[in-house]
> 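Sharing a structure below in structure tokens format, with a few things to ask.
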Amino acid sequence: MTKRQETRSRARRSVTTAIVAAALATAGMQAPAEAAVPAAAQSWTSLMYRSLTVTATGAQLRQTLATQRTTVTTRTVEVTRATAALSVAAKQVTAATNADKTAKDRVTAARAAVTAARKKLSKVKPRHKSAVTIARNGVTAAQKTLTVRTTQARDAATALAQARSSSSAATAALDTANNSVKSASAAVVLTEQKIAALKTPAELAGQAAAVSRSVVTAVRPAFTTADTVVIYGTTVHRTVSYAYRRMVDDAKKAGIDISGGGFRTKQRQIELRKINGCPDIYTAPSSSCRVPTAVPGRSLHEIGLAVDVTSGGKTLTSKSPAFKWLQLHADEYGFVNLPSEPWHWSITGG
């Protein structure tokens, strides 16, 4: 395994562990500290959790997509407005630049006029009083014009600076708007990909069913009672706790009461073999007992992965409303019936 593959593998395990933890939390439980959950069990729990939540997940993603598409539309309008604002700002810069040049040219011309007026005054002889007065008035007028032109040039320069500042701000606003559109569009694509990647509940439940026997094989050797939790009075393995809780809750919504016996010890399995008249406790097949009863060490009850379902305090029969409901829906929660026992439901059907 390469370093990259190992990193991805650790990431997948982390995600699966998080889903398992979420399932347990939803079921009102916490996983024991440092508990080692077999990979097959993690996979089953993850698949069933996703199967039972994928419809809600899809609805949430579609709602998110609608919001994101609205955001793209809004951001696109902002780009249009920002583009128009930048165009206006650019025209203002052009006009202000021309005005600034004209004002500067006028200042230059006014200064030249002042110089010319002073030169003319210097040439007038003092004895020609009227000519001196006219020349002096010319200098005064030229200086007044220069003052006006200088003020106009200063105002034009200020207007040009403001126009350039507005243009810079408009450019930044357009960049921001364009980036927002790109970001919003990327979010839409990502959400669309997530929606497209969603599997149906049946597909996910089918994948869980495909690994169910591996779950049994992985769980049995290291099983302890610490691996069980109580759901509505029924003790089951934590791997199936979320799925079992959902099944009971959904059955209740349909008017069907479900309860039953889940986990039992090996000693209790031995007692049941005796009670049910099995010819031999450890070797006789289940079918040889008055009531079919698995050989001790083989029952899925002993690891909390099977439930003998009751409804209204009564054991199920093939005619029970609860049995008929389970026939239609139990596979949605990862539970399969043992055909010879209408009451017996497990993750493998064994």
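Numbering of residues begins at 1 and proceeds along the displayed sequence.
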> Are Leu272 and Phe263 in one and the same hydrophobic cluster, where Ile, Leu, Val, Met, Phe, Trp and Tyr link if side-chain heavy atoms are under 4.5 Å apart?
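No; Phe263 is not reachable from Leu272 via cluster members.
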
> Sequence neighbours excluded, which residues qualify as side chain to side chain donor-acceptor pair (under 3.5 Å) partners of Ser320?
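With sequence neighbours excluded, Ser320 shows a side chain to side chain donor-acceptor pair (under 3.5 Å) to Thr317, given in chain and number order.
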
> Once you round to the nearest 0.5 Å, how far does CG of Leu61 lie from CD of Glu192?
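Rounded to the nearest 0.5 Å, the CG-CD separation comes to 11.5 Å.
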
> With a 4.5 Å heavy-atom cut-off, do Trp325 and Met247 have their side chains touching?
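A side-chain contact under 4.5 Å exists here.
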
> Using only atom types and a distance under 3.5 Å, with no angle test, would you say the side chain of Thr228 pairs donor to acceptor with the backbone of Thr225?
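Here the side-chain-to-backbone pair exists.
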
> For a quick check under 3.5 Å, do Thr45 and Tyr242 share a side-chain donor-acceptor pair by atom type?
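Per modelled atom types, Thr45 and Tyr242 side chains form no pair under 3.5 Å.
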
> Pair Thr265, Arg268 - check side-chain contact (heavy atoms from CB on, under 4.5 Å), show working.
CA-CA 5 Å; Thr265 64; Arg268 179 55 180 165; 3.5 Å; yes

> Can you find a pair of side-chain heavy atoms, one from Tyr49 and one from Leu47, that are under 4.5 Å apart?
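With C-beta onward as the side chain, the pair stays apart.
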
> How would you list all residue pairs meeting disulfide bond (SG atoms under 2.5 Å apart) that involve residues 272-350, not counting sequence neighbours?
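Those involving residues 272-350 are Cys278-Cys289.
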
> Quick check against the 3.5 Å criterion: does Thr97 have a side-chain atom that pairs as donor or acceptor with the backbone of Val93?
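At least one qualifying donor-acceptor pair exists.
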
> Let me confirm one number: the CG-CD1 distance from Leu300 to Ile347, rounded to the nearest 0.5 Å.
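Output value for this atom pair is 7.0 Å.
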
> Please round to the nearest 0.5 Å and tell me the distance separating atom NZ of Lys194 and atom OG1 of Thr64.
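Output value for this atom pair is 8.5 Å.
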
> For the residue pair Trp44 and Ser212, establish whether any side-chain heavy-atom pair is separated by less than 4.5 Å.
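Counting from C-beta outward, Trp44 and Ser212 do come under 4.5 Å.
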
> Look only at the side chain of Thr235 and the backbone of Ile231, and say whether a donor-acceptor pair between them is shorter than 3.5 Å.
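It does not hold such a pair.
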
> Enumerate the side-chain hydrogen bond (donor to acceptor under 3.5 Å, both in side chains) contacts for residues 71-86, please, sequence neighbours excluded, ordered by first and then second residue.
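Qualifying pairs, neighbours excluded: Arg75-Glu78.
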
> How are the rings of Phe223 and His237 set to each other: parallel, tilted or perpendicular (split at 30° and 60°)?
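Geometry flag for His237 against Phe223: tilted rings.
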
> Tell me whether Asp280 contacts the main-chain N or O of Thr283 through its side chain, where contact means a donor paired with an acceptor under 3.5 Å.
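Pair found, side chain donor or acceptor close to backbone of Thr283.
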
> Using distance alone, with no hydrogens and no angle criterion, decide if Asn276 and Thr293 have a side-chain donor and acceptor under 3.5 Å apart.
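The criterion, which ignores hydrogens and geometry beyond distance, is satisfied for Thr293 and Asn276.
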
> Mind checking whether Lys274 and Ile281 have side chains closer than 4.5 Å, heavy atoms only?
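Lys274 vs Ile281: side chains touch.
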
> In this structure, are over 12 heavy atoms from other groups packed under 6.0 Å from Arg136 atom CZ?
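For Arg136, atom CZ is not crowded (no more than 12 foreign heavy atoms under 6.0 Å).
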
> In chain order, what residues pass the salt bridge (Lys or Arg N to Asp or Glu O under 4.0 Å) check against Glu203, with sequence neighbours excluded?
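Expected list: none.
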
> Give me the atom names and distance for the closest heavy-atom approach of Asp308 to His301.
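Here Asp308 and His301 meet closest at OD1-NE2, 3.1 Å.
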
> Donor-acceptor pairs under 3.5 angstrom involving side-chain atoms of residues 105-120: please list them, not counting sequence neighbours.
unit_1	atom_1	unit_2	atom_2	d
Asp105	OD2	Lys101	NZ	3.1
Thr108	OG1	Lys104	O	3.0
Thr115	OG1	Arg111	O	3.0

> Work out which heavy atom in Ala187 is nearest to a heavy atom in Gln68; give both atom names and the distance.
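In terms of heavy atoms, the two residues are closest at O-OE1, 3.3 Å.
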
> Whether Glu271 and Lys266 form a salt bridge (side-chain N of Lys/Arg under 4.0 Å from carboxylate O of Asp/Glu) is what I want to check.
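No salt bridge links Lys266 with Glu271.
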
> Kindly indicate, with the supporting measurements, whether the criterion side-chain contact (heavy atoms from CB on, under 4.5 Å) is fulfilled by Met48 and Leu204.
CA-CA 7 Å; Met48 286 310 308; Leu204 292 164; over 6 Å; no

> State yes or no: do Val291 and Leu316 share one hydrophobic cluster built from I, L, V, M, F, W and Y residues joined by side-chain heavy-atom distances below 4.5 Å, directly or via other members?
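Cluster IDs for Val291 and Leu316 match.
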
> So, taking the atom named CG in Leu160 and the one named CG in Asn98, what distance separates them when rounded to the nearest 0.5 Å?
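Going from the CG atom of Leu160 to the CG atom of Asn98 covers 10.0 Å.
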
> Apart from Leu174 itself, which Ile, Leu, Val, Met, Phe, Trp or Tyr residues share its cluster (side-chain heavy atoms under 4.5 Å, direct or through members)?
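Leu174 shares its hydrophobic cluster with Val79, Leu86, Val181.
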
> Nearest heavy-atom pair of Gln327 and Trp345: which atoms, and what distance?
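Nearest heavy atoms, Gln327 then Trp345: N-CH2, 3.9 Å.
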
> Under the salt bridge (charged side-chain N to carboxylate O under 4.0 Å, His left out) definition, can you give me all pairs with a residue in residues 162-183, not counting sequence neighbours?
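Residue pairs with at least one partner in residues 162-183: there are none.
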
> With ILVMFWY side chains joined below 4.5 Å, transitively, what does Val336's cluster contain besides itself?
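Traced through the cluster, Val336 reaches no other member.
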
> I'd like to check the side chain to side chain donor-acceptor pair (under 3.5 Å) partners of His329; sequence neighbours left out, ordered by chain and number.
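For His329 the side chain to side chain donor-acceptor pair (under 3.5 Å) partners, ignoring immediate neighbours, are Glu332.
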
> Shared ILVMFWY cluster between Tyr232 and Val240, side chains joined below 4.5 angstrom?
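In one cluster with Tyr232: Val240, yes.
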
> Give a yes or no on whether the backbone of Ala294 and the side-chain of Gln269 come within a donor-acceptor separation of less than 3.5 Å.
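Checking the backbone N and O of Ala294 against the side chain of Gln269, a donor-acceptor pair under 3.5 Å is found.
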
> Counting only N and O atoms by type, is there a donor-acceptor contact under 3.5 Å from the side chain of Ser51 to the main-chain atoms of Pro201?
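Here the side-chain-to-backbone pair exists.
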
> Taking all non-hydrogen atoms of both residues into account, name the closest pair between Ser241 and Val229 and its distance.
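Smallest interatomic distance, heavy atoms only, reads CB-CG2, 3.6 Å.
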
> Does the side chain of Val37 reach to within under 4.5 Å of the side chain of Arg238, using non-hydrogen atoms?
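When only atoms from C-beta onward are counted, Arg238 and Val37 do touch, with a gap below 4.5 Å.
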
> Any side-chain heavy atom of Val248 sitting closer than 4.5 Å to one from Lys252?
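Of all side-chain heavy-atom pairs linking Lys252 with Val248, none is under 4.5 Å.
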
> With the side chain counted from C-beta on, respond yes when Val219 and Asp227 share a heavy-atom pair under 4.5 Å apart, and no when they do not.
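A side-chain contact is absent here, since even the closest heavy-atom pair is not under 4.5 Å.
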
> Is there a donor-acceptor pair closer than 3.5 Å between any side-chain N or O of Thr176 and the backbone N or O of Ala172?
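A pair under 3.5 Å: yes.
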
> Determine whether more than 12 heavy atoms belonging to other residues, nucleotides or ligands lie under 6.0 Å from atom CZ of Arg264.
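Yes, the 6.0 Å shell around CZ holds more than 12 heavy atoms from other groups.
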
> Please go through Val124's hydrophobic cluster and name the other residues, only I, L, V, M, F, W, Y counting, with side-chain heavy atoms under 4.5 Å joining them.
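Besides Val124, the cluster holds Leu121, Val132, Val139.
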
> Is the backbone N or O of Arg298 less than 3.5 Å from a side-chain atom of Arg220, with the two atoms forming a donor-acceptor pair by type?
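A pair under 3.5 Å: yes.
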
> Decide whether Leu338 and Val215 are clustered together by the hydrophobic rule: side chain heavy atoms of Ile, Leu, Val, Met, Phe, Trp, Tyr closer than 4.5 Å, transitively.
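No, Leu338 does not connect to Val215 through the hydrophobic network.
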
> Do Leu52 and Val211 share a hydrophobic cluster (ILVMFWY, side-chain heavy atoms under 4.5 Å, transitive)?
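Yes, because Leu52 and Val211 connect within a single hydrophobic cluster, where side-chain heavy atoms sit under 4.5 Å apart.
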
> To which residues is Leu190 joined in a hydrophobic cluster, defined by side-chain heavy-atom contacts under 4.5 Å among Ile, Leu, Val, Met, Phe, Trp and Tyr, whether direct or through other members?
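Noted: Leu190 shares its cluster with no other residue.
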
> Just by distance, do the side chain of Thr133 and the backbone of Lys129 share a donor-acceptor pair under 3.5 Å?
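At least one qualifying donor-acceptor pair exists.
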
> When you measure from the side chain of Gln92 to the backbone N and O of Ala163, does any donor-acceptor pair fall under 3.5 Å?
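No, because the side chain of Gln92 does not come within donor-acceptor range (under 3.5 Å) of the backbone of Ala163.
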
> Which atoms form the tightest heavy-atom contact between Gly261 and Thr234, and what is the distance?
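Minimum heavy-atom contact is C-CG2, 4.3 Å.
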
> Show your reasoning for whether side-chain contact (heavy atoms from CB on, under 4.5 Å) applies to Arg62 and Ile195.
CA-CA 7 Å; Arg62 283 185 284 275; Ile195 291 174; 3.8 Å; yes

> For Val295 and Ala284, which heavy atoms make the closest approach, and how far apart are they?
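In terms of heavy atoms, the two residues are closest at CG2-O, 3.5 Å.
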
> Assess whether side-chain contact (heavy atoms from CB on, under 4.5 Å) is satisfied between Ile258 and Leu326, documenting all intermediate values.
CA-CA 10 Å; Ile258 288 178; Leu326 288 169; 3.8 Å; yes

> Compare all side-chain heavy atoms of Leu328 with those of Lys324 and state whether any distance is below 4.5 angstrom.
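Counting from C-beta outward, Leu328 and Lys324 never come under 4.5 Å.
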
> Please report the interatomic distance OG1(Thr239) to OH(Tyr244), rounded to the nearest 0.5 Å.
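It comes to 15.5 Å.
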
> The criterion is side chain to side chain donor-acceptor pair (under 3.5 Å); which residues satisfy it with Trp343, sequence neighbours excluded?
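Glu341.
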
